[in-house]
Amino acid sequence: LGIDPSTLIGKTLTCVRRSRAHPTVTLHFADGASFQVRVVGYDPHFRGIPKTLESDSPVLNPISGAVDVQLTVRHAAMITLADKAFQVQGGSGGHGEKAMGRIKGARESRWTQNHAAFAIKFVEEAGWHCIWASLSEYDEVDKETCVFRNFADVYVDSLHPPSSVPANAAHGKPQNHRSRSRNASPAPRTQGSQSQTPQKAKRKTWKKK
């Protein structure tokens, strides 16, 4: 599913944008190519349990929702993370009915969930930048109490292939005096929301797939 992330190696990242409406992050590169980090199985028409892309990277999770950068990709790969998932069943919610931060009378189950994440490293910066997906549901009465948290796989897909014609190639072509060339204005960037970034649980493993 998607492309091999190693195809990004050597490219210069120029812009990162998070979507307000969907769990996607778009990566724009200097050669005109664009790639998108997506959640496996996400359907914009039948969304199911809310899905969120999470990252501890200021590059992949810009505060304003979009950021311009000049970073050359040194490594890029899909990796496997192992995180603790949980589900709270039964009991009664609402204020005043929680004990020790848990819903009164509820049964809680926990398990380790392995899931695919995208990791990228740049020439100009030390360390890896990672992005993953989570699924969360909250109590109907106490909206701040999470009753279900799990993780989903992500993948990287291509949006626009790089241009095969250099940007300055048009200057060497003869101009038709009957036509006037027009340069399209770039589309305005969508400002994302920082609310999509909950605190990340401690990982047990991190290995390349």
Side-chain angles (χ1 to χ4, degrees), residues 1-19 21-44 51-85 112-135 150-169 186-187 189-190 192 196-198 200-209:
L1 185 62
I3 58 109
D4 182 349
S6 65
T7 61
L8 304 181
I9 296 175
K11 293 180 178 292
T12 300
L13 181 65
T14 57
C15 180
V16 179
R17 292 190 298 108
R18 291 185 68 104
S19 170
H22 306 286
T24 60
V25 169
T26 305
L27 311 174
H28 299 279
F29 292 87
D31 62 359
S34 295
F35 298 86
Q36 199 168 68
V37 181
R38 300 172 178 171
V39 181
V40 174
Y42 173 76
D43 187 333
K51 301 172 179 65
T52 302
L53 283 178
E54 302 180 0
S55 178
D56 50 12
S57 164
V59 175
L60 299 179
N61 181 33
I63 294 177
S64 63
V67 63
D68 293 325
V69 295
Q70 285 290 327
L71 298 170
T72 305
V73 179
R74 173 176 287 176
H75 299 293
M78 300 305 299
I79 62 172
T80 298
L81 301 181
D83 287 288
K84 287 296 181 183
T112 299
Q113 182 68 46
N114 294 325
H115 56 105
F118 171 63
I120 191 168
K121 191 173 185 179
F122 303 107
V123 172
E124 296 84 357
E125 295 187 358
W128 287 85
H129 299 256
C130 184
I131 188 167
W132 59 90
S134 68
L135 301 79
N150 202 354
F151 299 87
D153 294 337
V154 304
Y155 67 103
V156 180
D157 211 353
S158 175
L159 288 182
H160 304 294
S163 174
S164 58
V165 180
N168 59 356
R189 296 192 183 106
T190 302
Q196 287 192 343
T197 315
K200 180 70 176 104
K202 185 177 180 181
R203 309 185 195 107
K204 280 193 172 182
T205 62
W206 189 35
K207 58 185 179 181
K208 289 189 178 181
K209 297 186 74 177

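Inspection of the His28 and Thr14 side chains reveals no N or O donor paired with an N or O acceptor under 3.5 Å. A donor-acceptor contact under 3.5 angstrom links the side chains of Thr72 and Glu124, judged on distance only. Judged purely by distance below 3.5 Å, without hydrogens or angles, the side chains of Thr112 and Lys84 pair a donor atom with an acceptor atom.
How far OG1 of Thr24 is from CG of Asp157: 12.0 Å, rounded to the nearest 0.5 Å. Atom CZ of Arg74 sits about 11.0 Å away from atom CD1 of Ile9, to the nearest 0.5 Å. Note that CZ of Arg18 and OG of Ser55 are 7.5 Å apart. Values are rounded to the nearest 0.5 Å. Once rounded to the nearest 0.5 Å, the distance linking CG of Leu60 with CH2 of Trp132 reads 9.5 Å.
A perpendicular orientation is assigned to the rings of Tyr42 and His22, their planes being inclined by more than 60° (bins at 30° and 60°).
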Q: Given ring-ring contact (aromatic ring centres under 6.0 Å, His included), test Phe35 with Phe29 step by step and report yes or no.
A: CA-CA 8 Å; Phe35 298 86; Phe29 292 87; 5.7 Å; yes
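With sequence neighbours left out, Lys121 forms a side-chain hydrogen bond (donor to acceptor under 3.5 Å, both in side chains) with no residue at all. For Val59, the side chain to side chain contact (heavy atoms under 4.5 Å, CB included) criterion is met by Leu13, Val16, Ser57, Leu71, Phe122, Glu125, His129, not counting sequence neighbours. With sequence neighbours excluded, no residue forms a side-chain hydrogen bond (donor to acceptor under 3.5 Å, both in side chains) with Thr12.
No donor-acceptor distance shorter than 3.5 angstrom exists from the side chain of Asn150 to the backbone of Leu135, with no hydrogens or angles considered.
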